[in-house]
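Below, chain A is the first sequence line, B the second, and so on; all start at residue 1. Owing to the predicted nature of the structure, the values given are computational and were not obtained by experimental measurement.
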Amino acid sequence: MDAGILTQQAFNALTIGAMYALIALGYTMVYGIIELINFAHGDVFMVGSFVTLWLLSTFGVQGAINDPPRLTIMLIVMFAFTMTVMGLVGVVIERFAYRPLRNAPRLAPLITAIGVSFILQNIIQVTFSNSPVNVPRVIEPQAGATVQLPQFAVANFQVTASPVTFAYSHIFIIVLAVSLMVALQLFVGRTRLGRAMRSTAIDREAAQLMGVDINTTIALTFFIGSALAGAAGVAWALNYGTTKFDIGFQAGLKSFTAAVLGGIGNTTGAALGGFLIAFIEVFSSQLGYSRWSEAIVFSILILVLVFRPTGLLGQRLAERA
Amino acid sequence: MKPRPLAFIAIVALVAAACGSSSGTQGPKAVKIGVDLPLSGGELPNGDPTIKGVELAIDQNPVAGYTVTINKQDDAVNGIHNPNQGATNIQTLIGDSSVFAVVGPFNSNVAQAEIPKSNSAGLIQCSPANTNPGLTKGTTGADLRKSNPTKIAYVRVATTDDIQGQAGADIAYTVAGAKSAYVVDDTETYGKGLADVFATEFAKLGGTVVGHDGVGANQQSDFTALLTAAKAKNPAFVYFGGVTATGGGLLRKQMVDVGMGSIPFGGGDGISDGSAATASSFLNVAGPQGDVNSYMTVAAIHDIPNAAKFASDYKAKYGTEPGAYSASGYACAQIYLQALAKVGSDREAVRNYVTTTANVFPTVLGNVSFDANGDTTQHIISYYKYDDATKDWKYFEQKDFTSGVTTTAAP
Amino acid sequence: MSPRRSISSAIGNSPVGRGSGRLRAALRPATSSAGRYFGKHQSLSVLVGMAVATAILPLVVLIPPFSGFGGQNDFVDGFASAGVFVLLAVGLNVVVGLAGLLDLGYAAFFAIGAYTYAYGASPFSGLDVPFWPMLLVGAAVAAMAGLLLGAPTLRLRGDYLAIVTLGFGEIVPVVFLNADKYTNGTNGISALYQPALPAIGDFGFINPWPYYITVAAIIAVAMMLLYRLEDSRLGRAWMAVREDELAAASMGINTVTTKLLAFAIGASTSGLAGVFYASKLGLVSPSQFGFTISFTVLAMVVLGGMGNIWGVAIGAFVVYEIQSQGLKQLNNFVASSGIPPIHIGFVNVDLSAVNFLDYQFLLYGLALVGMMLLRPEGLFPSRRRKQELHDVDDAGASNQELVEA
Amino acid sequence: MTEQIAPPVLRAVRLTKAFGGLVAVKDVDFEVKAGSITSLIGPNGAGKTTLFNVVAGLSDPTEGYVEFLGQKMVASPERGWLEPILWVLPAGLVWLLTYGLGLAGVVTAAIEVLILVGLGLLIATLIVAVIRPAWYTRLLVVLGVFKSARPNDMVQAGIGRTFQNIRLFANMTALENVLVGMHGQLKASPLDAVLRTGKQRREEVASIEEARRLLQYAGLRNRDNELARNLPYGDQRRLEIARALATKPKLLLLDEPTAGMNPSETATMMKLFSRIRTELNLPILLIEHDMRVVMGISDSVTVLDHGEKISEGTPDQVRADARVIEAYLGKGAI
């Protein structure tokens, strides 16, 4: 029993979970408002990481920036730019692929979403590369605070603790993700546009009658969701220093699982689900079952849905039929 | 069951066959070497340099009385090698009567689908890259060629994984002096096979395998959790069975991130993909700190007679450095061209000539001959280590696992 | 393309309407004997259509430009492989097209069927069960898997179902991959035994004809049975569930059982395809059954025309041939045609350097999006859809009649 | 009007339905007597539709229950979590045993067999849970699990219904819509359909005859092959009723069946309801918000306002009730 390793793994899980949660928020928001599983969302995240790559190469950034003011500016530029671009991409996708199908049978937009996902992947694949591509990591990846947890013994049970390293880049990602989530909550809860979003989600027609511009509201939802996915893309590039055209499918799949696990349509649930999935993954690796982790994640998803069809925090009742 | 359509089809087939007959011509006979490799999507970097090696061999080794061209088949579907497409391709090549021999396939599971067909048709295949032992050896090998058990129709110039895994264990235990190792594989045929052999052989040498985990196709970007768990077990060596595309470079890069950068790292020829300057190569992805202390083996002889000439010829023609399997593709084609010159373009004659164990073929890989299973008798593995001066892999010794002779690089 | 034309003309001649053929038959002279006649005729027309298509398709090799693509055996072999996807698409059509359930893990059942054959007839297990009973076993095992997945999840709403099936589709290959001891892991199970049927002769490895005829027969029988199901109480229940699940439940339809049956029947068809695929290829390995198969088959169903059994069959055939032959031939054509590089401003397009195979997913994606936006009924819409479009015109007229009546 | 001695067909007892803090229906009792038309009326937002959905089995009441023909059909669920546990319990027990045996070092072959047995049990229980045979339902009752009947169970028990906003199967023909309504009466199995047995063919032909008869009865002559969505509005309403009749109900629930109709259409519709009652002897529970519409044909009227029952009785009694007038016309209207 090594408390240090468990803490380290929990910290690893928080980092991965932060990224899943950011992506999951977009899924859950879009689902909440137009009841569409936006399959292209994972690929929006992937494109975000490539936008970061493009930006960094345009600025000629080669590696870690050690000068704090410059680093801060660079980070702000990276996030602002990528989030804006991806937000716009999301709006464009909504405008051309989903809006014409808003009153079509449910299956139709779902299938276009899959189509959009294919298109985004293939464009990146032929434009950049089939192989993993390096992205410079602007935050020195090995820099971090190393902490020695206290060691103690309970009766005959010795709890040891190897030192735990909290990498700055990971701390940054976790803090950023949490602040974005809080900002989103405030936006949805406290602003006029946020209210419009909520009312549209509850009853689109009623909201329309009350003077809410549905098209703008839905576009806004896509903008915010895609911008968050873009932020996750930047975080990914910062964390791993690499990206690939097909990371979107897998990350998207897990994030959607996170959204469903937490209760789709519920933003807190999405965040919770993201962290939960990351913990499951990390601790199956810790136990030496990396090769099974995917199967474990999806089995848990199926089990949760069997026992709680609305997800962990879901409130909306599933149709009984 | 349905007699009428059957009879009808039979007639159709006869008509079609009658129309398909060709007329004879004067001059050099046109023959083809079939090539079946993954040539699109993510696997283009594997197939493309290999087929270029074949083209170069045909250019440089003309055979009097024949004009040799290539019948090119791509076994990738949606960018990933696909056994079903491979089976279709070999069928096409069998159907093309001007094809007298085939180079390929690249991937083991494609070979599993193709071997029964080429064996049944008696069309010789030479794989430049298959290293899975089960394709030729033991009962699985025999099962694959059960329609003509005595007529080997599949040979390969790459040394099998069981030898390369031994070499990996040799590097870890002898060269790096590690007594404990952590093994990671990518759960794919090549990677897992190699990692399993490494684990067995490392234990045989006296080392301890402290852990063995695998990372499936959907987790190959994040190894931190796995490495944190591995780090706690204090391994003196980390061995990776897999290729760069399935996480080789990333694993090494993240080892540095979690503070395992000083631990030596080793892998097979799946991470032999060029210098640190080559985009997406192992050394490029792993980063400068990850490169240090990295070892790699290649399942081929290093001291080939004309290595420099081959490389410069290749570069002159294509403008790029040869790939990991360019020379192997070249060697396969060379063997076929020698057979063509000797026994003509009859498929059975070529097959018989190539697989006769007594025949020795001088190739760019040195002298190659095939054993009773169709495996190359060359069991030489070359060892490489990262060299900071050239930012590239540097050969330091090769070992012949048949004779046990080790040749060290000239200083 | 001539093969397409020949099939569609075969449909055109047959008095087959989707689903309601039998109803319509009963309505003309409303006698039971007439109903029986058309009921029989409809099933027969599937058999006849398949027989005609099977006989005509190999002739494609005589027609330029196809004659330049390869020998007749190559074509027949390709058709036999395409048959696997036709079966898959026809099965998925029941789930997606008729019952309106989005199943994104369909390849899992395909894998299960294929592995079932691998256990039944390979040196790995030591068993050598003949191919024909294995077809039934494979279908049954896949149906069981469909029930296992469907029973707990089919009470979920449609979108949840999509994600659960997608997850299941990911779990199954992972299990086959990692349960080394039972599945031979990543190497898969190879050297499976070939089918044998005295009437057709030795299947062997390189003669594609027996496989071609076998798969055509399997497709014909499967399509005939699915046709009959579609035109029955169960078929109507599927459509009702697709149209309005709540209303269907309020008409006494047990929606869960109905959906479960759609799931199981779709899965069993997939299992059939798996058994045939494994026997033809002689190999099963986990990497063959990834999500790309599920998504490709979905694209086939959508492109062919959801709900129209002939449409999806043709859609699957066409998509498969484009994927395995068309793009390759396009590459050869463009490379040999010597189209000069095009310069538009600073953009240089050199078509002869483009590998069209690299754009498969882009094409799928554009096709899916375009299809949904422009022609959601698919390339080969069913009669019902045509009727819908047609009825828009005279609906207005009938409105007025009614006001007066 | 003759007095009914027979027990009520449908009885709702102390029904309450709350959505979070909002109580939509509060403590409502009412009953439908055999052969009668009972109307449930009230102004907009009175909770009629909520009550109706509870009665039709679409949502569970917070409190109270609904009895149909003396059997409790709808109430809030009890111990619902127990059911999924039942599904995995047998398999779970076998696997626990397997795990124990594994720890004890028993041969692997036995363990593998047990794992498969567990898997088989899991499949079996899940299938049982879907099919719900009688013994399974009894077992649930013994365990104290109560779940409201699903809508389809309600139909099987004999409750047919229509919807306020028409919910036809838009892309199916009128005839097919009615055939779907007959689903529960048809007995041919999928296997019969696959084999085209004589039984299945006879049943199909007979059901088509019956369906056409029902369409005619509802006033839809020669419309059999029209797609439902192409029918004019009034005909869609009629088709819904024909479809509901096809379920062979013992009670018909009609949710605002004349909404959006002009007076003459409404009058025709009312005539149809009277005929259904007299010719088919079928009790009807009618929801309306237009009080005048129902007065002519109802035997009994229940008036809701703000989720509470404010009046009940014959049309004349209700018409005279001050609270009803107040609810409809506002305070001080008297």
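The greatest number of non-hydrogen atom pairs below 4.5 Å with chain C, out of Pro116(B), Ala87(B), Gly216(B), is found for Pro116(B).
When heavy atoms are compared at a cutoff of 4.5 Å, Tyr359(C) does not approach chain B at all. For Ser81(C), the part lying under 4.5 angstrom from a heavy atom of chain B is the side chain only. For Ile94(B), the part lying under 4.5 angstrom from a heavy atom of chain C is the side chain only. Only the side chain of Thr296(C) comes within contact range of chain B, with heavy atoms under 4.5 Å apart. Residue contact with chain B, scored on non-hydrogen atoms closer than 4.5 Å, is absent for Gln194(C). Heavy atoms of Lys72(B) lying under 4.5 Å from chain C are absent altogether. If you measure heavy-atom distances from Ile115(B) to chain C, you find no contacts under 4.5 Å at all. Of the two parts of Tyr320(C), only the side chain, counted from C-beta on, holds a non-hydrogen atom closer than 4.5 Å to a non-hydrogen atom of chain B. Both the backbone and the side chain of Thr88(B) come within contact range of chain C, judged by heavy atoms closer than 4.5 Å. For Asn89(B), the part lying under 4.5 angstrom from a heavy atom of chain C is the side chain only. Heavy-atom distances place no part of Glu114(B) under 4.5 Å from chain C, backbone and side chain included. For chain C, the nearby parts of Gln91(B) are the backbone and the side chain; heavy atoms of each come within less than 4.5 Å. Heavy atoms of Leu327(C) lying under 4.5 Å from chain B are absent altogether. Contacts of Phe124(C) with chain B are absent, with no heavy-atom separation under 4.5 Å from either backbone or side chain.
One finds the OG atom of Ser190(C) at 7.0 Å from the CG atom of Asp143(B) (value rounded to the nearest 0.5 Å). Considering OG1 of Thr140(B) and CG of Asn187(C), their distance stands at 8.0 Å, rounded to 0.5 Å.
The heavy-atom pair separating Ala191(C) from Lys146(B) by the smallest distance is O-NZ, 3.5 Å.
Evaluated for a side-chain contact (heavy atoms from CB on, under 4.5 Å) with Asn84(B), the options Leu281(C), Leu283(C), Val84(C) yield exactly one hit, Leu281(C).
Proximity of Ser287(C) to Asn109(B): side-chain heavy atoms (C-beta onward) are separated by under 4.5 Å at one or more points.
Residues passing the ring-ring contact (aromatic ring centres under 6.0 Å, His included) test with Phe276(C): none are found, sequence neighbours excluded.
Here the side chain of Thr92(B) pairs no donor or acceptor atom with the backbone of Asp74(C) at under 3.5 angstrom.
Proximity to chain C among residues 188-199 of chain B is limited to Glu188(B), Thr189(B), Lys192(B), judged by heavy-atom separations below 4.5 angstrom.
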